[in-house]
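Heads up, the thing below is written out as structure tokens.
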Amino acid sequence: MFVPGRIFISRAEIDKKVRKMAHAISQDYIGNKLFLVGILKGAFVFLADLIRYLHIPVEIDFMAVSSYGSSTESSGLIRINKDLERECELKNVIIVEDIVDTGLTSHFIYKKIAHLKPESIKIASLLDKPDRRQVKVPIDYNGFTVPDIFLVGYGLDYNEKYRNLPDIHVLDNYSGV
Ligand code: IMP
Ligand code: MG
């Protein structure tokens, strides 16, 4: 299979981390109504693996958002392409992200869900790229902290490509989003 660049995080490392995170979540939410909100499209692979390692009942929903504006750099303007179908009220929500970069997406979703009167909200992200953060985002469950490089695979794309790669790769010759 054509791959874009060297492996940065292997499938085995990812699996170990996802298992560990699921274990922590299971312990933290035992006896509570857990509602996971996956952010499409990037988080779907991570979410699919995460839920299969949970030991507690869980409800799942998805939101799809995209940023828009004049430039391709994150503008902070975010549009909802697919909204939640399930109620959030009185539920313990975890927003499940592939990667938190500028933080604008997670911040927007966090605020939106906070208005829906959940019991609690947390954020779980497979990857945290803090170098480009523009707004503070509380990441309660973090998989890996990564430098400012562009990563693909395991759900992460570049122009909708490479989401299917089992490992996370560095995208070579990358200059700017
Ligand atoms: P933020 O709003 O800047 O935090 O952007 C989050 C979104 O940007 C993620 O959900 C990804 O879709 C995308 N993104 C940021 N960094 C990367 C990367 O290294 N590879 C692939 N997508 C990325
Ligand atoms: Mg993307």
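Read the numbers this way: they start at 1 and go in the same order the structure lists the ligands and their atoms.
In summary, the atoms of ligand 1 found under 4.0 Å from a heavy atom of K129, numbered by their order in the structure, are 16 (N), 17 (C), 18 (C), 19 (O). Those atoms of ligand 1 that come under 4.0 Å of a heavy atom in T105, given as number and element, are 1 (P), 2 (O), 5 (O), 6 (C). In the vicinity of E97, heavy-atom distances shorter than 4.0 Å reach the ligand 1 atoms 10 (O). The ligand atoms of ligand 1 that sit less than 4.0 angstrom from a heavy atom of I149 are 19 (O).
Taking K82 as the reference, E85 meet the side chain to side chain donor-acceptor pair (under 3.5 Å) condition, with sequence neighbours excluded. When the side chain to side chain donor-acceptor pair (under 3.5 Å) test is applied to Y141, the partners found at least two apart in sequence or on another chain are D28, K122.
Taking the six-membered ring where the residue is Trp, F150 and Y158 present perpendicular rings, their angle passing 60° and hence far from 30°.
With hydrophobic clusters built from ILVMFWY side chains whose heavy atoms lie under 4.5 angstrom apart, F44 shares a cluster with I14. Note on I168: it clusters hydrophobically with V170, by side-chain heavy-atom contacts below 4.5 Å among ILVMFWY residues. By the rule that hydrophobic residues join a cluster once side-chain heavy atoms approach within less than 4.5 Å of another member, I80 and V37 end up as members of one cluster.
Considering both main-chain and side-chain atoms, S106 never comes within under 3.5 Å of ligand 1 through any nitrogen or oxygen pair. Between G103 and ligand 1, an N or O atom pair is found at a separation short of 3.5 Å. Between L151 and ligand 1, an N or O atom pair is found at a separation short of 3.5 Å.
Checked by atom type and distance alone, the side chain of R133 pairs as donor or acceptor with a backbone atom of V100 at under 3.5 Å. Looking at K33, its side chain never comes within 3.5 Å of a backbone N or O of N92 through a donor-acceptor pair.
The residue among D101, D98, I39 with a heavy atom at the shortest distance from atom 4 (O) of ligand 1 is D101.
Ligand 1 lies out of reach of V137, whose nearest heavy atom is not under 4.0 Å from it. Judged by the shortest distance from any of its heavy atoms, L171 lies outside the 4.0 Å radius around the atoms of ligand 1. Under the 4.0 angstrom criterion for non-hydrogen atoms, I99 is in contact with ligand 1.
Of all the heavy atoms of R132, none lies under 4.0 Å from any atom of ligand 1, so neither backbone nor side chain is involved.
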